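Throughout, a chain's letter reflects where its sequence line sits, starting with A, and its residues are numbered from 1. Please read these numbers as outputs of a predicted model, since none were measured by experiment. Values below: all heavy atoms of this structure, side chains included; hydrogens, waters and symmetry mates excluded.
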Protein chains: 2
Amino acid sequence: MEQVRQKGETRASDVLQRLRDDILSCELEPGSKLKFEALRERYEVSFSTLREALARLAAESLVTSEGQRGFVVAPVSIEDLQDLTNARVLLERENLRLSMEKGDDAWEAHILATYHRMDRLQNRLGDHYYFDPEWAQLHSGFHHSLVCASGSPVLLEMREKLFERAHRYRRMSSQFRTQWRPKEIEHKAIMDAVLDREPVALDLIEQHIRETTDNVITFAGHLFRGPQGEAV
Amino acid sequence: MEQVRQKGETRASDVLQRLRDDILSCELEPGSKLKFEALRERYEVSFSTLREALARLAAESLVTSEGQRGFVVAPVSIEDLQDLTNARVLLERENLRLSMEKGDDAWEAHILATYHRMDRLQNRLGDHYYFDPEWAQLHSGFHHSLVCASGSPVLLEMREKLFERAHRYRRMSSQFRTQWRPKEIEHKAIMDAVLDREPVALDLIEQHIRETTDNVITFAGHLFRGPQGEAV
DNA sequence: CTCAGCAATATTTTCGAAATTGTTGATGTG
DNA sequence: CACATCAACAATTTCGAAAATATTGCTGAG
């Protein structure tokens, strides 16, 4: 009747995306219980449709499902953050290495294009660009463009999933960050090194990833409570 | 009424496991369409329950779901095999490296125990151990024991998923293999190197993985048809 | 003969009620 | 008072019919 859904897009996949967004933006608190009745009302879908979306998110490790006790938003913890970071470094380096080896002119052009768009929006938004959802999209796109020529669908998909999983921690980092300048310079430096096929690019991207993690642990580490701890 | 299901185990998770097994054992042919009506009869569950299981498998890349056109068993292809192999090598090496660095006495004991069980069953079964489901289980357990001390849940989970995804190709390899001896010796050599913390273990495990892949490409490569090709 | 348009059929997707299972709290016993 | 038992309740899980969508096959115009 009032369906404004893309063709070939199912209602379940729509709810899946909305749920994902709400979890990543922490609108649904980490560690909190996901009750069907409440979600059903929130997203205006039936039990089964919700169930499918939650099952998918469970396979993505964004929610956990234990037996017959329903679903829970995946908790955040220092252990998880550190583990995630190490895994991301491994996959980011490998994808970038392959990408720099195989990337062609079109790939280079794509990087320049995505950087430009991110940079422009950054300037327009001023100091608090980090909280803008559209910027987050462009930022994600820029990092993707760097590695997308690796030619390995499997490695790229894993990288993408980990990048998403890290979003909640990036979000926390930005809340505790005091100096904003470095990130902007870093992106430019990384891009230049990548386009010049300089091996140091691998170390720069690793540093780029680890910096956010260190920032969270330094400023927000004490807020976590144990391995199964929840965010405040 | 006649439920013989484990406690905390849902009907959907039961179907999920059975579907997974049937896909990995190629009882459900790669690339074939999964029709709800047929599956509903096969597993004796309802639409919704099936749907959840399929959604989970889709997130695991064991089935693909395109828009509103249902589900398909993930196809097999040389490109996928090679990609999968490279990804597995990356993750197996990293997990093994960490495991050898951090593993304690209990870990070593666990390796010896799982190897022993696999070896015994191997001798009991004779030349065709590779087709036995129980042996496959023990084989999987042995390889898991080598890396399980890495201390990284994220890396281990990804490794596990890839190991599973590779199962159909291992299966194909065993059908085309003529000489069976090497694998048995390899496992012993790998275990010894790992227990002695010799860095060469990383190369041995990589070779072990790549061997199966090379075998499939040499003997079965011509059976694939293009990038979206299906098995015969 | 080719192909667009449309009707008939097959398949998937969604829904909410019903069944199952887990949880809570009151009651009684050791 | 501690603890097991059980009933009442709350939440999840399952079901199959109904709606929505895709696919197939037919008809007729160009």
So is A:Arg170 actually on top of A:Phe163's ring, under 6.0 Å and inside 45° of the axis?
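Cation-pi check for A:Arg170 and A:Phe163: passes.
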Using the six-membered ring of A:Phe47, assess whether NZ or CZ of A:Arg40 lies under 6.0 Å from its centre and within 45 degrees of the ring axis.
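Relative to the ring axis of A:Phe47, which defines the angle, A:Arg40 lies inside both limits.
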Sequence neighbours excluded, which residues qualify as side chain to side chain contact (heavy atoms under 4.5 Å, CB included) partners of B:Glu94?
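Applying side chain to side chain contact (heavy atoms under 4.5 Å, CB included) to B:Glu94 gives A:Leu90, B:Arg97, B:Leu98, B:Leu155.
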With sequence neighbours left out, write down each residue that passes side chain to side chain contact (heavy atoms under 4.5 Å, CB included) with B:His144, or none if nothing qualifies.
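Counting only residues at least two positions away or on another chain, B:His144 forms a side chain to side chain contact (heavy atoms under 4.5 Å, CB included) with B:Cys148, B:Arg159, B:Glu160.
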Minimum heavy-atom distance between A:Trp107 and A:Ser145, given as atom pair plus value:
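For A:Trp107 and A:Ser145, the tightest heavy-atom pair comes out as NE1-O, 2.9 Å.
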When rounded to the nearest 0.5 angstrom, what is the spacing between CG in B:Asn215 and CZ in B:Phe219?
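It comes to 5.5 Å.
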Partners meeting side-chain hydrogen bond (donor to acceptor under 3.5 Å, both in side chains) with A:Arg93 (sequence neighbours left out)
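A:Arg93 satisfies side-chain hydrogen bond (donor to acceptor under 3.5 Å, both in side chains) with A:Asp203, A:Glu206 once adjacent residues are dropped.
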Residues in side-chain hydrogen bond (donor to acceptor under 3.5 Å, both in side chains) contact with B:Arg56, at least two apart in sequence or another chain:
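Partners of B:Arg56 by the side-chain hydrogen bond (donor to acceptor under 3.5 Å, both in side chains) criterion, ordered by chain and then number, come out as A:Ser65, B:Glu52.
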Between [X] and [N], is there a side-chain N or O to OP1/OP2 distance below 4.0 Å?
{"X": "A:Thr49", "N": "C:dT13", "value": "no"}
{"X": "A:Arg11", "N": "D:dT21", "value": "no"}
{"X": "B:Ser48", "N": "C:dT13", "value": "no"}

In whole angstroms, how far is the C1' atom of C:dT20 from the CG atom of B:Asp14?
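So the CG-C1' distance, B:Asp14 to C:dT20, works out to 15 Å.
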Atom pair distance, as rounded to whole Å: CG in B:Leu50 and P in C:dT13
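It works out to 12 Å between those atoms.
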Close residues, residues 38-46 of chain A, relative to DNA chain D [heavy-atom separation under 4.0 Å]:
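Nothing qualifies; none.
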Tabulate protein N/O versus nucleotide N/O from nucleotides 10-12 of chain D, keeping only pairs under 3.5 Å, one per line.
residue : atom : partner : partner atom : Å
D:dT12  : OP1  : A:Leu34 : O            : 3.2
D:dT12  : OP2  : A:Phe36 : N            : 3.1

